[in-house]
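Worksheet for the structure shown next.
For this chain, numbers begin at 1 and follow the sequence in order.
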Amino acid sequence: MANEERVHPGLPDEGGLVTNTYDRRQFLAHSAAAAGGAVVAGALVDELSAGPAGAATHGYTLNVGLISEQHRPFTPDYANMDQSGFWYGRLVYDPLCVTSSDGKTVYPYLAESVTPNAAFTAWTIKARPKVKFHNGAICDARAIYDNLRADYSSSLTGASLKALIASITLDEAAGTVTVHTKYKWTSFPYTLAEQQIGFIAEPTTLGTHYSGLPIGTGPFIANTWNYNVSFKATRNPVYWRPGLPYLNAVVLQPIPDDQTRYTALTDGNLDMIVEDTGSYLVKFPALGGGYNYVTDIHGKLPYSPSSNCIMMNCKKAPFNNLNFRKAVASAIDKVTFNKFIDKSQSAPIDGIYLPGTPYYKKPPYPPFSKPAAASYLKKSGLPKSKWNFTLVAVNSPIVLQSATLVQSFLKAVGITVTIKPVSQAQLIGDAIFSQYQAMTWSQFGGVSPDTNYPWFSTKTGLNFANNDDAKIESAMLAGMAASTTAGRVKSWSFVNDQLGRDVPYAWTDRAVIGVAAHTKVQNWKTFNTPAGKGVLQPNQGVMFCTEIWKTGP
């Protein structure tokens, strides 16, 4: 077995943490498991070795139904990657690192190794030799450097990187790139595994000028993109992992409507679907013996699911009033919400971590109580004429149902809500430019809590709720610097508690993701590094298609 050293040593089973999603979708970071504890001072190293194909067969096309379409340019520095976006990304790009199946370890992938200095303020990435982009260009240290510099300069990803990274340097002779951080950062490799900046694109495609198909080093080559209909990628015949991939092609079809997507699977028009709606997840067991499925409803997860909520703009009236925010939070009956919206396939939440995980300590978040909501409204000092706001919601049936139910909860305590349906693209734009009072939102799930830093920081410009809390900023930096489980738990538990005091989010339920596939689709619940180490798959409904095969058309 190849030597493959971990960033984190073996840790106790820890439960969940953090990623980032909009309207049950992900953006900029895709994370999905718990991590903590000391980081070894040695390098992450992976030696290339071809695994046996076993019963795998080459050929056929995999047709997958996803929830949303992606924006262009689809490059790591400018793509608004949501959950579906990581499907696209993992087809055509390779990430520098990947997360282990238990979520407690990071392995190098496209990178040959990732090595910290003794202070954990410099991380050196060594390029894997002889890897080529789809257009024949070499993916060397210069290409990795160009990508990270583009991410650093991007108007989309740059703010969060500049808050944490001092500089990026290149040593072409050594074939390495070094990321110099502003603070001690013991778990930085999770960023290379779980955020879109870990993907490496052919450098000439970076920036906003590029309008062609994405070009990476990945197992599949972008072939056609019929926007809002399908994205087709064909087998990379010279992929750097010998013998892979098995499939001839993968076709991703963005189908926002749950019924249409589900019916396309049962009618045989799709081989696999991703689902995040309770009324359809509850149908999975009835699919029968011709299908396999997995959901993150039951059991202990290797990650913390995203948190669904009403995000409130703390810098816009009436949400610049803490007591008004508390009134909204207190008025939402999360138990009823779960039964009605999720068909009991989810669970009420009061923060970004689930009970039973190490980062959860009952936060001081307002529980459901109509009398308490009335009391908070009185304490707000706002006249009744100001007890109203516009709620921006994605124009999809399930999201509008959710918004309408919240509207009824708030009406019961005297708050008037006007629902404004918008496209997902507009929702994201409104969040980025702070052009909203409140909106339906889903975010904060994943592997390492560090990946939440951009969303709660006072320095990144990505704190969409505009909850500028210096105590949270300090706690996050302390958690990122911690080299023990106890240190991480202390810091990130405080972040969760402080969110419960600030109330920038009125929590509703946890996001639940499921994947269902026809039985002719094989090996989709596992993925391995070149050295045979298991990788987290599915990762909140996202997977690598590299080792998937089909037994028939």
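Under the side chain to side chain contact (heavy atoms under 4.5 Å, CB included) criterion, Ala174 pairs with Asp171, Thr176, sequence neighbours left out. In this structure, the side chain to side chain donor-acceptor pair (under 3.5 Å) partners of Tyr88, at least two apart in sequence or on a different chain, are Glu69. Judged as a side chain to side chain contact (heavy atoms under 4.5 Å, CB included), and not counting sequence neighbours, the contacts of Thr234 are Ile221, Asn223, Lys232, Ala249. Not a single side chain to side chain donor-acceptor pair (under 3.5 Å) links Ser344 to another residue, sequence neighbours left out. Not a single side chain to side chain donor-acceptor pair (under 3.5 Å) links Ser279 to another residue, sequence neighbours left out. Shown here are the side chain to side chain donor-acceptor pair (under 3.5 Å) partners of Asn523, two or more places apart in sequence or in another chain: Thr526. Listed by chain and number, the residues in a side chain to side chain contact (heavy atoms under 4.5 Å, CB included) with Val294 are Val515, Trp524, Lys525, Pro538 (sequence neighbours excluded). Listed by chain and number, the residues in a side chain to side chain contact (heavy atoms under 4.5 Å, CB included) with Ala222 are Val92, Leu213, Pro214, Phe231 (sequence neighbours excluded).
Residue pairs that meet the side-chain hydrogen bond (donor to acceptor under 3.5 Å, both in side chains) test with at least one member in residues 250-264, sequence neighbours left out, are Asp257-Thr260, Asp258-Arg261, Asp258-Thr277, Gln259-Thr263, Gln259-Tyr280, Arg261-Glu275. Note on residues 541-553: pairs passing salt bridge (Lys or Arg N to Asp or Glu O under 4.0 Å), not counting sequence neighbours, are Arg241-Glu547, Asp271-Lys550. The side-chain hydrogen bond (donor to acceptor under 3.5 Å, both in side chains) analysis of residues 204-220, with sequence neighbours excluded, yields the pairs Asp94-Thr217, Glu202-Thr204. Applying the side-chain hydrogen bond (donor to acceptor under 3.5 Å, both in side chains) test to residues at least two apart or on different chains, the pairs with a partner in residues 142-153 are Arg142-Glu172.
Looking at Pro245 and Ile548, their side chains never come closer than 4.5 Å, going by heavy atoms from C-beta outward.
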